[in-house]
Amino acid sequence: MLKYYLFFILAILVSCNQTQAPIPENKIPTSPFEVNPIKNGEEFPVMSLKSANGDLIDIDSLISTQPTIFVYFRGGWCYYCNLHFDQIHTVEDSLMGLGYRLVMVSSDLPEKMTPGMKQYANKMLILSDSESKLAKELGIAYALEKSVYQDLIDLGINLEETQGNTEHLLPVPAVFYVDKLGIINFQYVNPNHKIRLHPKVMLCAAEAYLNYNIDADS
């Protein structure tokens with residue numbers, strides 16, 4: 001158990017030490033290392049997004065009923081996203097047993113989500129942010145340079161097809177814990193898309209932040 005808490009502490013340190021210069025309003029960075037994600041203690045953006053089944057889902061209605069964990073990943077074409085998706089599945093029941101709702105957010109259009117993603121939709125809610133509206137509000141969206149976009153094309157990955165637009169934006173993979181008041185209690189954002197929040201750390205954080213508050217008068 002000690003090593004799990006060490007993982008948890010490390011995740012907090014990484015989150016707290018991600019300090020970048022403020023990004024000018026409306027300017028989308030061109031590198032994942034330049035994003036300026038929303039901070040702990042701030043309100044999670046609310047809007048409506050389509051589910052994997054094409055239903056319009058109101059985020060505000062979700063978070064007002066139970067604490068919610070949002071896991072933001074790049075798309076079904078991303079090997080590391082699929083690996084993390086499978087890892088999260090191993091702690092899915094435990095997270096839900098604590099009372100959390102688990103929401104996965106993809107940059108894919110609903111109809112472009114892979115069968116591997118949709119197979120978990122019976123428990124997890126999977127949302128599409130193909131226009132990067134939520135990613136922009138969260139401060140985790142970045143624009144691909146032409147050379148990087150061409151590299152993806154060479155690998156057979158066409159974002160214009162999977163996202164349905166020509167913006168060529170991607171999100172930095174991220175995890176946000178949001179309470180029923182809509183406040184972010186904990187976040188993990190790593191510009192290296194190969195490094196994801198360990199599922200056991202996810203569980204430790206969920207246990208630590210469930211119904212957690214500090215009495216200002218104590």
Side-chain angles (χ1 to χ4, degrees), residues 7-8 11 37-38 44-135 137-138 140-141 162-163 170-180 182-190 193 195-210:
F7 274 129
F8 177 48
I38 193 169
F44 193 84
V46 292
M47 60 183 67
S48 295
L49 297 176
K50 286 187 177 181
S51 70
N53 297 322
D55 299 323
L56 196 61
I57 305 296
D58 179 49
I59 290 179
D60 190 35
S61 297
L62 291 179
I63 60 181
S64 64
T65 56
Q66 66 184 109
T68 303
I69 299 174
F70 291 88
V71 182
Y72 213 119
F73 59 102
R74 304 196 302 168
W77 49 266
C78 173
Y79 167 78
Y80 295 97
C81 294
N82 283 297
L83 181 61
H84 195 215
F85 205 83
D86 288 338
Q87 290 175 342
I88 291 172
H89 184 58
T90 65
V91 295
E92 176 185 39
D93 289 339
S94 296
L95 291 170
M96 292 181 174
L98 289 171
Y100 283 92
R101 175 183 282 111
L102 194 57
V103 178
M104 316 295 284
V105 187
S106 170
S107 69
D108 293 326
L109 289 163
E111 60 269 25
K112 294 296 183 178
M113 291 183 183
T114 63
M117 293 164 55
K118 290 186 175 182
Q119 69 174 323
Y120 297 130
N122 61 328
K123 288 186 177 181
M124 302 179 186
L125 178 60
I126 305 176
L127 300 180
S128 166
D129 186 30
S130 60
E131 296 180 356
S132 299
K133 291 181 179 179
L134 181 58
E137 291 291 325
L138 290 169
I140 60 173
T162 61
Q163 297 179 347
L170 277 182
V172 171
V175 180
F176 298 91
Y177 290 64
V178 185
D179 65 23
K180 291 194 293 184
I183 304 300
I184 298 172
N185 294 154
F186 173 80
Q187 56 100 310
Y188 178 87
V189 182
N190 194 321
H193 70 272
I195 302 175
R196 306 299 175 93
L197 186 61
H198 195 288
K200 291 179 179 177
V201 179
M202 288 187 66
L203 187 55
C204 283
E207 293 172 340
Y209 282 97
L210 188 64

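- Using the six-membered ring where Trp is involved, Tyr177 and Tyr209 have ring planes that are tilted, between 30° and 60° apart.
- Between the side chain of Asp129 and the backbone N or O of Leu134, at least one donor-acceptor pair lies under 3.5 Å.
- Using a 4.5 Å heavy-atom threshold, the side chains of Asn190 and Arg196 count as separate.
- For the atom pair CH2 of Trp77 and CE of Met113, the computed distance is 13.5 Å after rounding to the nearest 0.5 Å.
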Criterion side-chain contact (heavy atoms from CB on, under 4.5 Å) on Leu102 and Leu95, from CA distance to verdict
CA-CA 8 Å; Leu102 194 57; Leu95 291 170; 4.3 Å; yes
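- Remark: side-chain polar atoms of Gln66 are paired, donor with acceptor, to backbone N or O of Gly99 under 3.5 angstrom.
- Taking CG of Leu127 as the reference point, atom CG of Leu56 lies at 10.0 Å (rounded to 0.5 Å).
- Atom CD of Gln187 sits about 10.5 Å away from atom CG of Leu197, to the nearest 0.5 Å.
- A distance of 5.5 Å separates OG of Ser107 from CG of Leu170, quoted to the nearest 0.5 Å.
- Contact annotation: the side chain of Val201 never approaches that of Tyr188 to less than 4.5 Å [non-hydrogen atoms, C-beta and beyond].
- Within the 4.5 Å cutoff, the side chain of Ile57 has heavy atoms near those of the Leu125 side chain.
- Proximity of a side-chain donor or acceptor of Asn82 to a complementary backbone N or O of Gly76 within less than 3.5 Å is detected.
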After noting the C-alpha distance and the side-chain angles of Ile59 and Leu49, does the key distance pass the side-chain contact (heavy atoms from CB on, under 4.5 Å) rule?
CA-CA 8 Å; Ile59 290 179; Leu49 297 176; 4.1 Å; yes
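- Among all heavy-atom pairs drawn from Gly75 and Cys81, the shortest one is O-CB, 3.7 Å.
- Counting only heavy atoms from C-beta outward, the side chains of Ile88 and Met202 approach each other to under 4.5 Å.
- Between Leu210 and Tyr100, the shortest heavy-atom distance links the atoms N-OH, 3.5 Å.
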Take Ser106 and Asp108, measure what side chain to side chain donor-acceptor pair (under 3.5 Å) needs, and give me the verdict at the end.
CA-CA 5 Å; Ser106 170; Asp108 293 326; 3.3 Å; yes
Kindly determine whether Gln87 and His84 satisfy side chain to side chain donor-acceptor pair (under 3.5 Å), including the steps that lead there.
CA-CA 5 Å; Gln87 290 175 342; His84 195 215; 4.8 Å; no
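- Taking NZ from Lys50 and OG from Ser130, the interatomic distance works out to 8.5 Å, rounded to the nearest 0.5 Å.
- Atom CD1 of residue Ile63 and atom CD1 of residue Ile69 lie 13.5 Å apart, to the nearest 0.5 angstrom.
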Hey, mind stepping through Tyr72 and Phe176 against ring pair (Phe, Tyr, Trp, His ring centres under 6.0 Å) and telling me if it holds?
CA-CA 8 Å; Tyr72 213 119; Phe176 298 91; 7.9 Å; no
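- Taking Asp93 as the reference, Lys123 meet the side-chain contact (heavy atoms from CB on, under 4.5 Å) condition, with sequence neighbours excluded.
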Using the side-chain contact (heavy atoms from CB on, under 4.5 Å) rule, take Lys180 and Thr68 through it: C-alpha gap first, then chi angles, then the decisive distance, then the call.
CA-CA 8 Å; Lys180 291 194 293 184; Thr68 303; over 6 Å; no
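- Residues satisfying the salt bridge (charged side-chain N to carboxylate O under 4.0 Å, His left out) test with Glu131, not counting sequence neighbours, are Lys133.
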Worked verdict on His193 versus Val172 for side-chain contact (heavy atoms from CB on, under 4.5 Å):
CA-CA 7 Å; His193 70 272; Val172 171; over 6 Å; no
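- Side-chain contact between Phe70 and Val178 is present, with heavy atoms from C-beta onward closer than 4.5 Å.
- Remark: the backbone N or O of Leu62 is paired with a side-chain donor or acceptor of Arg101 at under 3.5 angstrom.
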